[in-house]
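These notes concern the structure reproduced below.
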2 protein chains.
Amino acid sequence: MDAPVLNNGPTCSDCPIRHRAVCARCDVDELEQLEKIKYYRSFEAGQTIVWSDDKMDFVGSVVTGIATLTQAMEDGRTQMVGLLLPSDFVGRPGRDGSPYDVVATSDVVMCCFRKRPFEQMMQETPHIAQRLLEMTLDELDAAREWMLVLGRKTAREKIASLLSIIARRDPQQMNAPRPGAVVFDLPLTREAMADYLGLTLETVSRQISALRRDGVIALEGKRHVTVPDMRRLLDEAGDDSDGGHLN
Amino acid sequence: MDAPVLNNGPTCSDCPIRHRAVCARCDVDELEQLEKIKYYRSFEAGQTIVWSDDKMDFVGSVVTGIATLTQAMEDGRTQMVGLLLPSDFVGRPGRDGSPYDVVATSDVVMCCFRKRPFEQMMQETPHIAQRLLEMTLDELDAAREWMLVLGRKTAREKIASLLSIIARRDPQQMNAPRPGAVVFDLPLTREAMADYLGLTLETVSRQISALRRDGVIALEGKRHVTVPDMRRLLDEAGDDSDGGHLN
DNA sequence: CGACTAATTGATACACTTCAAATTCCGTGG
DNA sequence: CCACGGAATTTGAAGTGTATCAATTAGTCG
């Protein structure tokens, strides 16, 4: 179950998530300190990174890949409660374990910090605590946004909402066939989408087919999605006019 | 729309939320500083404390009463995304407004801090930032817990979950007729419960009636609830055995 | 006591689930 | 390169839980 531990990763200064992760505000001195307590771990797609309620001896950031935060009931009903993309933080300073399973959806590389030294450093380094607070507040907003999706949206709106979110932060929008269009790959199986949306996988499949029939999206294979008109998709998601961003 | 501003409230040292609010870790010196930038505001039941996306010039803590965080779609569908009890924090340092409506459900007294000075003080006072991080992480856990309720639980389980949560933190459990039993008043209308649970008010009403018929709860009037066997209620909520606590 | 709002209850409709089968996708080995 | 096999996905048919629409009843405040 243990992932390989790599000590000779990239240095912080050329880390791809240097400016968005928990270390974003650190200056060079502080980075140097972090270097001392950090190590890299790799996980293969499907591997569990953290089991719920297990003791965690580290915290860390997703460097590459995608992971999910998942909660399950005894009878097997499962709800995804978070999607972890590069730069997102895993673990909770001040607590021993995660109440959720953390599972690698693709191959994942994590930048880990031993927990005690990291907590120690948080006390002494306001830049880290500040950034972590900011990130946590953002996650809280995202979680609440998602509560509206889960509680009040129809299946079709749920799918459109999920596609919007993925489209918005997928960095592949350069190859768009024309302005306003967006292209991306789904990082999730139908089942994972269902667990995120509080639906069954059959319903997910049906609604994706319906959106395709209606021309809101186009599919090549099962995973590659083209959105010809982002505004249309946002409209289907039921959010106000343009959701604040467009591209 | 402006609530009365009271300057001569209780001093921090005999504040009822002194040890649970954002100021919990402050020492006497720090409290003295806070005193200088704090003021009290009162709101009547039903009043809106903050309108979504309006500029907020303060942050603060609920001292007494109950408020809700609410998100709405254009067509009127509404989802409650948070329940604010005494000691809970309102507002986001570093942001101008709240993305949610904050509404007083009962009469509410808030301890407010002018935003700029508070943000300033956060920089200088690790005790405040630390406590705020801790509270935000707790809220994030609660929000994720609620995502499971919204996404995967049945109407009956949703009601039982809500009653469990209210019962757990209502401080009135002394008058329980016998050990294991719990008595409390519902602080929410059926409609507010529906908005919290992602249901209609009719479904809420039906499920409460069903739980009453089945002896899981007893009602006097519409608001006063007796839970003869807390374990039974937790069971109906679908949570594992005893949910970690039992009184 | 009467008017207004909150809550209950009933009947029907429909969105989503469930159970089942067919099809497509995709890596593996011949 | 193509054929094979298992998993992922799609599609179909029927069932069910919750929403919707519509009265009725209970509770509350003037």
Side-chain angles (χ1 to χ4, degrees), chain A residues 44-46 68 73 75-79 103 105-107 149-163 185-214 217-225 236 238, chain B residues 44-46 68 73 75-79 103 105-107 149-163 185-214 217-225 236 238:
Chain A
E44 289 174 20
T68 62
M73 296 171 67
D75 62 8
R77 281 177 284 175
T78 293
Q79 177 65 49
V103 180
T105 283
S106 64
D107 289 352
V149 173
L150 289 173
R152 291 304 187 192
K153 291 193 177 180
T154 65
R156 184 180 174 101
E157 290 169 334
K158 284 178 173 180
I159 298 288
S161 297
L162 179 56
L163 294 178
D185 286 303
L186 283 174
L188 301 174
T189 64
R190 299 290 185 263
E191 186 179 21
M193 294 172 73
D195 285 342
Y196 205 167
L197 296 166
L199 298 170
T200 60
L201 67 88
E202 293 94 330
T203 299
V204 169
S205 180
R206 277 184 245 276
Q207 296 298 336
I208 288 180
S209 298
L211 288 173
R212 183 174 48 63
R213 264 197 305 281
D214 298 344
I217 59 173
L219 289 175
E220 294 168 68
K222 303 302 177 190
R223 294 296 190 90
H224 194 73
V225 179
E236 292 283 357
Chain B
E44 290 174 19
T68 61
M73 297 171 69
D75 62 8
R77 279 177 284 175
T78 293
Q79 177 65 49
V103 179
T105 283
S106 64
D107 291 351
V149 173
L150 290 172
R152 291 303 187 192
K153 290 194 178 180
T154 65
R156 184 180 174 102
E157 289 169 335
K158 284 178 174 180
I159 298 288
S161 298
L162 179 56
L163 294 177
D185 286 303
L186 284 174
L188 301 174
T189 64
R190 299 291 186 263
E191 187 179 19
M193 294 172 73
D195 284 343
Y196 205 169
L197 297 166
L199 298 170
T200 60
L201 68 90
E202 293 95 329
T203 298
V204 170
S205 180
R206 275 186 246 275
Q207 296 298 338
I208 288 180
S209 298
L211 288 174
R212 182 175 46 65
R213 263 198 305 280
D214 298 345
I217 59 173
L219 290 175
E220 292 168 69
K222 303 301 177 190
R223 295 295 191 89
H224 193 74
V225 179
E236 292 283 356

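Note: hydrogens, waters and symmetry copies are ignored here, and every other heavy atom, side chains too, is used. Note on naming: letters A, B, ... go to the chains in the order of the sequence lines (proteins, then strands), and numbering restarts at 1 for each one.
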[X] [atom1] to [N] [atom2]: how many Å, rounded?
| X | N | atom1 | atom2 | answer |
| --- | --- | --- | --- | --- |
| A:R212 | D:dT11 | CZ | C1' | 11 Å |
| A:L219 | D:dT11 | CG | P | 10 Å |
| B:K158 | D:dG17 | NZ | C1' | 11 Å |
| B:Q207 | D:dT18 | CD | P | 6 Å |
| A:R190 | D:dT11 | CZ | P | 10 Å |
| A:L197 | C:dA15 | CG | P | 18 Å |
| A:H224 | C:dT24 | NE2 | C1' | 18 Å |
| A:L211 | D:dT10 | CG | C1' | 15 Å |

### Message
Taking the minimum atom-to-atom distance to the side chain of A:L199, which one of D:dT18, C:dC16, C:dA7 wins?
### Response
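For the A:L199 side chain, the nearest candidate turns out to be C:dC16.
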
### Query
Hey, mind stepping through A:M193 and A:L162 against side chain to side chain contact (heavy atoms under 4.5 Å, CB included) and telling me if it holds?
CA-CA 8 Å; A:M193 294 172 73; A:L162 179 56; 3.8 Å; yes

### Message
With a sphere of 6.0 Å drawn around CD of B:E191, does it hold more than 12 non-hydrogen atoms of other residues, nucleotides or ligands?
### Response
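Not buried by this count: 12 neighbours or fewer within 6.0 Å.
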
Need one value for [X]: base, sugar-phosphate or nothing, where a base atom within 4.0 Å counts as base even if backbone is also close, heavy atoms only.
| X | result |
| --- | --- |
| A:T189 | sugar-phosphate |
| A:S209 | sugar-phosphate |
| A:R223 | sugar-phosphate |
| B:L201 | base |

### Ion pair B:E157/A:R77, N-O distance below 4.0 Å
yes

#### Entry: Nearest atoms (heavy-atom pairs only) where B:A210 meets B:R156
CB-NH1, 4.0 Å

### Task
Working to the nearest 0.5 Å, report the span between CG of B:L188 and CG of B:D195.
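So the gap between those two atoms works out to 10.0 Å.
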
### Message
So, taking the atom named CZ in B:R190 and the one named CZ in B:R206, what distance separates them when rounded to the nearest 0.5 Å?
### Response
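Spacing of CZ (B:R190) from CZ (B:R206) equals 13.0 Å.
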
Dump every N/O contact between nucleotides 20-26 of chain D and the protein below 3.5 Å, one line per pair.
unit_1	atom_1	unit_2	atom_2	d
D:dT20	O4	B:R206	NH2	2.8
D:dC21	N4	B:E202	OE2	3.1

### Task
Identify which one of A:T154, A:L199, A:L197, A:I159 satisfies the side chain to side chain contact (heavy atoms under 4.5 Å, CB included) criterion when paired with A:Q207.
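Testing A:Q207 for a side chain to side chain contact (heavy atoms under 4.5 Å, CB included) against A:T154, A:L199, A:L197, A:I159 leaves exactly one candidate, A:I159.
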
